Every structure is written in C-alpha cells, then in structure tokens.
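Everything below concerns the one structure shown next.
Here, residue 1 is the first one in the sequence, and each next residue gets the next number. Just so it is clear, the structure is predicted and the values come from calculations on it, not from any experiment.
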Amino acid sequence: VEAALTEAELEQRVDIYLSETDTLWMLDLPTAVLSTEAEEAGRVLERNKIYVEICKAKIDSEYFEEKMVQTISGAAKTKEVQCETITVAEKGMMVTSWDFDNSLDASETEPTETEEPTDTEEKSSKSPTAEEHGQAVAVPSARESAVPARSHEGRECLSEAILTSEKLKQDLVVMERILMENIFQPKLAVYRQIPVLIEPDVTSDTDREEGEEEEDEEEKKDEKKQEETSFKSSALSDVNQSPAEAAAPSLEQLWSYRCDLTSGHSVSSMAWNKVNPDLLAVGYREFVSQDQKGGLACCWSLKNPMWPERIFRCEHGVTAVDFSLASPNLLAVGMANGHVAIYDVRSRNAAALLDSSASLNKHTGPVWQLRWVEQDRGATGGDKKERLMCISGDGRMTQWFIQQRLDCFDVMTIKRTQSRKKKLPGERERKSEAPISQQAAGMCFDFHPEDTDIFLAGTEEGHIHLCSCSGQEQILGTYRGHKQGPVYKVAWNPSSTDMFLSCSADWSILLWHRDSHTPLLTFTSVTAFVHDIKWAPKSALIFAAVNERSVEIWDLSVSIFNPVLSCAASPEGNLSSILFAKNAECLLLGDSCGQVGVWQLHNLAAPST
C-alpha cells in the first residue's frame with residue numbers, strides 16, 4: 001500500500017533530471033565483405049560455393065516456393081534545435097584614387113567650434129599657418145561639404161549609365177566573339193576547309209641557337225629512318241589494304257551548340273538561314289510526365305557556339321522552324337498547341353512580330369512541319385514571292401498570308417482511308433465502324449524541287465499522298481508502304497526529281513519512284529524509330545538518317561543493304577533531327593538533351609548526279 005504524503009512533503013521542492021537511456025542493440029549484422037588475403041578467405045569462398053549450389057538446386061525443386069514479406073520500418077527519431085535567426089548583410093561601394101586623397105586630407109584636420117570664414121581664399125591661406133603654430137582650424141561650411149557628396153552621387157549615376165549602355169553591351173558581344181573564335185580556331189578552320197594556324201613557341205636567342213644545333217642533328221637521323229620505314233610501310237599498305245579500307249567514311253565531332261538554357265529540352269527541328277549560311281535556327285521542346293512545358297527558338301551563329309545570338313521563349317514546345325527567303329530576317333515557328341508565330345531576328349525584342357492566336361482558322365493540333373515555299377522560282381531579287389505552308393495533327397494543310405495579322409486558309413484536308421481487306425467467299429459484307437475523327441493527322445510534307453504545285457504529305461496512318469495545289473483533284477495518288485507506324489519525314493531527291501525517300505516508326509526507310517505505288521528499295525539496319533532523313537546536297541546517291549540510337553550514312557553506289565557509316569553520335573540521349581551544312585562537308589545532329597553536334601564528314605564518295 002502506498003503511503004500518503006503529508007502537506008509538508010507535498011510543498012517540498014523536488015528536482016527531476018531527464019537523461020537519455022542507454023542504446024539497446026536489437027540487431028547487429030556484421031560485415032559480409034572479407035579480404036582475399038585474410039586467413040578465413042578460403043573458408044568463406046567454400047561457403048559461397050555451397051550457397052551457390054544450394055540456390056541452383058532450388059530452381060527446379062518442387063519443395064521450393066518464393067514468398068514476399070513486408071516489414072514495418074520503425075519510426076524515425078528526430079531532434080530539433082531552436083535558435084534566433086542570423087541576419088547577414090552585404091555592403092559595397094566603388095572607391096577611386098581621389099576618394100582616398102580626400103579622405104586622407106579630411107582625417108588630418110580636426111573640426112572645432114569656431115566661426116566659419118566667408119571667403120574660401122582666406123580659409124586656404126589660414127589653414128597652413130594655423131597648423132604650423134598649433135592653432136585650431138576652421139570647420140568647412142555646409143555648402144562646401146555638400147559638393148563632394150553631390151559629385152559622388154554623380155559618379156555613381158555615371159558608372160551605372162556606362163554599365164547599362166547599349167554600346168558597352170555591343171562591345172562585350174564583340175569581345176566574346178573574339179574569345180570564342182580564338183578558342184575554337186582549329187575547329188572553325190576545319191569547318192571552313194582552310195589550314196589550321198599553329199602558334200609558334202617563343203624562346204630566347206641563346207636557347208634557340210642551342211636548340212637549332214641539336215634539332216639539325218636529330219632531323220638528319222630521323223630523315224634516314226623515315227625514308228627507310230616509309231618505303232616499307234607504303235609497300236605493305238599497298239599489298240595488305242584494299243582501297244575501301246584505306247579510305248573508309250568516318251565522322252569527327254568539331255563542336256556542339258549547347259548551353260544551360262537548352263539543357264533538358266529536345267531538339268525538334270533545325271533550319272539554315274537562306275542568305276547567311278552561318279546562322280542556324282533550332283527549335284526546342286520539352287515533355288515531362290505527359291505535360292508540355294515551354295519551348296525555345298534559338299538562333300545560333302558560327303561566331304559563338306556556346307551561347308545563342310537570339311532567344312525566343314514560347315509558352316508551348318516548338319515543333320518546327322524555317323527562315324524566309326524573300327525576307328531572310330523573318331523566322332516562322334510552329335508550336336505544339338497549333339499556334340504559328342513569326343519573329344524578326346534583326347530586332348532584339350523577344351516578342352513575336354505576328355501570332356496566330358487571334359486567327360479563327362488556327363490549327364487545333366501540333367504543327368509538325370512548316371516551310372516557306374517559293375511561288376515563282378525564276379524570279380530574282382525583290383520579285384520573289386513565297387507562301388508559308390503548314391501541316392498539322394488536326395489533318396489540315398494550310399497556307400498562311402501575312403498582312404496586318406496572321407491568318408490562313410485550308411489547302412487540303414487529309415481524310416482517313418479504309419484498309420483494303422480481301423473478302424472471303426461466302427462472307428457477308430460488314431459495316432465499317434466509323435472512326436473517331438474523319439481527318440488523318442498530317443506529320444510531314446515536301447514540295448517538288450521543280451514544280452511547286454506538287455507536294456508529298458505523310459500521315460499518321462503510314463500513308464503518303466501525292467497532292468496538287470491547283471486543280472479540282474487534290475490527291476493524285478497514295479503510296480502505302482509503311483503499314484505499322486506514322487511517316488515522320490518525306491524528302492524529294494534534289495538531283496533525280498522523280499525519286500523520294502520516306503522514313504517511319506516501323507524501323508524502315510523506303511525509296512520510291514513517283515510513277516510506282518510500290519517501294520523500289522527498303523532500307524532497314526536497326527530496330528529503332530527513324531526520326532529524320534536528308535539527301536546529301538551534292539550527291540544524288542547519298543543520304544543520311546537518324547534513329548534513336550545512331551546516325552547512318554547510306555551510299556547507294558556502294559551498297560543497298562548496309563550503310564557505309566553507322567555511328568552512335570549522342571551517348572547522352574536519343575537523336576531526333578539531322579541537317580547537312582550548306583557551305584561545308586559537315587553534318588548537324590540534334591538530340592533529346594538539347595545539343596546540336598557539328599560533325600565533319602571524311603572520305604565520302606565524289607558527288608554524282
């Protein structure tokens with residue numbers, strides 16, 4: 001029985017101290033790693049072999065059954081400490097040499113409470129004599145003390161105006177370009193196909209004379225050895241190596257257009273400027289958890305591969321870009337939400353010059369491809385007329401006209417085609433189920449290089465339609481070669497204008513003739529989606545293709561079964577876009593990480609028409 005406490009004991013003060021209990025080890029698992037040089041290494045290796053044999057025996061055993069057990073993790077123990085917030089402040093100012101002189105003169109004078117003289121010349125004459133005789137010096141007037149304060153504020157305003165001036169920004173851009181050209185000079189020289197400059201080693205006169213004597217003796221010995229070895233190696237190479245092995249095509253990476261702003265985005269399209277071949281437009285889009293984030297349209301210059309010259313931010317992902325030929329400063333941009341915008345690259349204003357958001361005929365699906373198409377190819381100078389053509393996922397092919405606002409009209413509506421199945425004898429004709437949408441999504445198009453009224457249109461169904469802009473009958477024929485995936489790109493041959501290529505998600509590339517509705521050749525090397533294809537600008541038999549894994553160069557004069565070159569050019573991501581350089585033997589590859597790599601092509605076959 002507990003004893004009752006008295007009133008005196010209840011009023012007595014008792015001190016209670018709380019302390020942490022000792023740690024109780026509920027489970028202790030020793031380390032399972034042992035050095036091979038330890039004494040117990042042999043015994044542990046023997047136990048491991050026994051365990052492996054037991055596991056192998058349980059694979060086909062009838063008495064072994066796998067079960068899963070879920071354990072409850074214990075509650076975590078947290079500790080918190082509360083303290084006052086520590087405030088940190090940073091202060092800074094700009095000081096010049098005359099500020100030091102003024103502050104030094106002010107510290108040597110001691111202020112006193114005497115009458116202030118009115119004449120400044122009298123003050124200046126009295127101050128040295130007063131210091132010599134130890135007398136008090138007069139305090140400067142309030143009007144005088146305000147003068148250096150105002151001059152300091154003026155200097156701050158002047159420095160701020162210099163830092164924010166447009167002239168300084170332009171000079172910094174020029175300086176940045178000079179530094180970039182110095183850094184990338186060897187790569188740019190290879191791109192321009194000019195000799196690479198090598199900086200000479202600067203040495204003193206005495207070291208130079210001693211070094212020249214030693215080098216002369218070594219060069220004589222090396223020349224004798226090189227003459228002997230070169231004759232032997234040339235004879236062996238002529239015997240052992242075939243011409244194909246001696247000059248095999250290869251790729252060499254020069255640089256990549258990339259920066260922190262484009263990382264995490266996927267390159268969707270690329271286009272060269274029609275007048276300035278060193279200006280490249282690249283469209284970027286980003287998809288995260290099936291939600292479309294903002295896109296970018298950047299203009300890169302050969303003078304600075306590390307930061308774009310122009311940056312246009314878009315609310316939705318950019319899916320297509322192209323420069324105008326009649327007005328080379330206009331850049332057309334297609335977006336994932338169906339909008340079309342036109343930007344002026346000469347202006348530093350990032351806002352769009354024209355936008356289709358107010359148009360009543362705007363697209364309701366992604367604009368997968370757009371292009372400026374010449375109406376009269378024979379015209380020159382200011383007589384050139386062109387039209388902006390777009391194909392979208394809503395099944396419409398549109399032509400846009402630029403006036404006070406951006407508007408369009410439908411050139412063609414792509415309708416779904418029913419699959420042709422042979423009816424068995426005795427089978428009744430079934431009613432075809434109505435599709436969800438009567439329109440088939442358009443994926444790509446390409447106009448004929450000679451006749452601008454004829455174009456090809458690839459659809460999501462895997463069909464390719466030969467279409468005409470003029471006449472009552474728009475679809476002249478349909479090519480049904482890709483049966484298991486959408487057609488990503490179609491491309492007319494620039495030299496042999498009756499031939500064209502197509503690539504699809506069914507892992508294949510098909511070569512077609514305009515008059516034949518069955519493909520002439522089928523190219524399949526890897527089991528991956530073929531995202532883009534391009535014909536070589538100077539050869540009718542060479543084309544390049546990119547799939548998710550690698551880039552392939554095909555030369556039909558060498559082989560129609562295997563590519564002459566296959567290279568994994570993007571180890572970090574998947575390749576998505578390809579483009580040949582206009583004024584160099586180079587290839588541009590865009591990937592899903594936001595990089596556009598510039599690769600030099602070596603040992604390709606001579607151009608053939």
Side-chain angles (χ1 to χ4, degrees), residues 249 369 371 373-374 377 389 391 397 412 414 442-459 461-470 474-483 485-525 529-547 551-566 577-582 585 587 601 604-609:
Q369 190 175 357
R371 184 176 297 176
V373 181
E374 296 180 63
R377 295 186 184 272
M389 308 296 293
I391 194 167
M397 182 87 174
M412 186 186 67
I414 306 173
M443 300 297 295
C444 57
F445 69 92
D446 191 23
F447 274 80
H448 196 272
E450 295 178 354
D451 188 359
T452 57
D453 289 334
I454 302 298
F455 65 92
L456 297 168
T459 66
E461 296 179 304
H463 301 157
I464 303 171
H465 300 294
L466 180 64
C467 309
S468 174
C469 295
S470 59
Q474 293 180 337
I475 298 179
L476 305 179
T478 302
Y479 306 93
R480 307 171 188 268
H482 301 285
K483 300 180 181 179
V487 178
Y488 285 144
K489 280 294 167 62
V490 289
W492 288 100
N493 192 314
S495 302
S496 180
T497 55
D498 289 334
M499 313 291 289
F500 64 92
L501 283 172
S502 64
C503 66
S504 171
D506 61 356
W507 311 340
S508 66
I509 304 170
L510 301 183
L511 179 66
W512 302 83
H513 192 277
R514 177 177 174 178
D515 299 332
S516 176
H517 291 277
T518 57
L520 301 180
L521 294 173
T522 302
F523 310 100
T524 303
S525 62
F529 294 170
V530 184
H531 291 288
D532 199 359
I533 49 173
K534 286 288 188 303
W535 285 101
K538 299 180 181 180
S539 178
L541 300 174
I542 298 176
F543 67 90
V546 288
N547 50 56
V551 55
E552 296 178 350
I553 307 295
W554 291 80
D555 189 352
L556 304 185
S557 62
V558 177
S559 174
I560 61 174
F561 300 104
N562 296 311
V564 295
L565 176 63
S566 180
S577 184
I578 191 171
L579 186 66
F580 278 95
K582 286 188 174 182
E585 296 294 332
L587 195 65
L601 292 167
L604 276 184
S608 174
T609 58

For Glu552 and Ser566, work out which heavy atoms get closest and say how close.
CG-OG, 4.0 Å
Roughly how far, to the nearest 0.5 Å, is the OG1 atom of Thr452 from the CD atom of Glu374?
8.5 Å
Under the salt bridge (Lys or Arg N to Asp or Glu O under 4.0 Å) rule, collect the residues that match up with Asp506, sequence neighbours excluded.
none
Once side chain to side chain donor-acceptor pair (under 3.5 Å) is applied, do any residues pair with Ser559, and if so which ones, sequence neighbours excluded?
none
One should read off an interatomic distance between Cys503 SG and Asn547 CG, to the nearest 0.5 angstrom, of 10.0 Å
Residues two or more places apart in sequence or in another chain: which of them pass side chain to side chain donor-acceptor pair (under 3.5 Å) with Arg514?
none
Residues in ring-ring contact (aromatic ring centres under 6.0 Å, His included) with His513, at least two apart?
none
List in chain and number order the residues that pass side chain to side chain donor-acceptor pair (under 3.5 Å) with Thr522, two or more places apart in sequence or in another chain; answer none if no residue qualifies.
none
Does Thr524 have any side chain to side chain donor-acceptor pair (under 3.5 Å) partners at least two apart in sequence or in another chain, and if so, which?
none
Nearest 0.5 Å, please: how far is CG in Leu521 from CD1 in Ile560?
5.0 Å
Return yes when atom NZ of Lys582 has more than 12 non-hydrogen atoms of other residues, nucleotides or ligands closer than 6.0 Å, and no otherwise.
yes
With a 4.5 Å limit on heavy-atom distance, are the side chains of Phe523 and Leu556 in contact?
yes
Identify the two heavy atoms, one from Ser495 and one from Ala540, that lie closest to each other, and give their separation to 0.1 Å.
CB-CB, 3.6 Å
For a side-chain contact (heavy atoms from CB on, under 4.5 Å) with His448, tell me which candidate from Asp453, Ile454, Leu456 qualifies.
Ile454
Check ring-ring contact (aromatic ring centres under 6.0 Å, His included) between Phe455 and all other residues, then give those that pass, not counting sequence neighbours.
Phe447
Taking atom CG of Asp451 and atom SG of Cys469, what is their separation to the nearest 0.5 Å?
9.0 Å
Is there a side chain to side chain contact (heavy atoms under 4.5 Å, CB included) between Gln369 and Ile391? Walk through the geometry before answering.
CA-CA 6 Å; Gln369 190 175 357; Ile391 194 167; 4.0 Å; yes
Of all heavy-atom pairs between Trp512 and Ser502, which one has the smallest distance, and what is that distance?
NE1-OG, 2.9 Å
Can you sort out the partners of Ala505 under side chain to side chain contact (heavy atoms under 4.5 Å, CB included), two or more places apart, ordered by chain and number?
Pro486, Tyr488, Phe529
Would Arg371 and Asp446 pass as an ion pair if we require N to O under 4.0 Å?
yes
Roughly how far, to the nearest 0.5 Å, is the NE2 atom of His531 from the NZ atom of Lys489?
10.5 Å
Roughly how far apart are Ile464 CD1 and Met443 CE, rounded to 0.5 Å?
12.5 Å
Closest heavy-atom contact between Met412 and Cys467?
SD-SG, 3.4 Å
Do the rings of Tyr479 and Phe500 sit parallel, tilted or perpendicular, given the 30° and 60° boundaries?
perpendicular
Kindly write out the residues that satisfy side chain to side chain contact (heavy atoms under 4.5 Å, CB included) with Thr478, not counting sequence neighbours, or none if the list is empty.
His463, His465, Ile475, Arg480
Tell me every residue that passes side chain to side chain contact (heavy atoms under 4.5 Å, CB included) with Leu604, counting only those two or more places apart in sequence or in another chain.
Pro249, Ile553, Leu601
Least distance between heavy atoms, Asp532 atom then Ile578 atom:
OD2-N, 3.1 Å
Could you list the residues that satisfy side chain to side chain contact (heavy atoms under 4.5 Å, CB included) with Trp535, not counting sequence neighbours?
Ala491, Asn493, Pro494, Leu501, Leu511, Phe543
Between Ile509 and Ala545, which heavy-atom pair has the shortest distance, and what is it?
CD1-CB, 3.6 Å
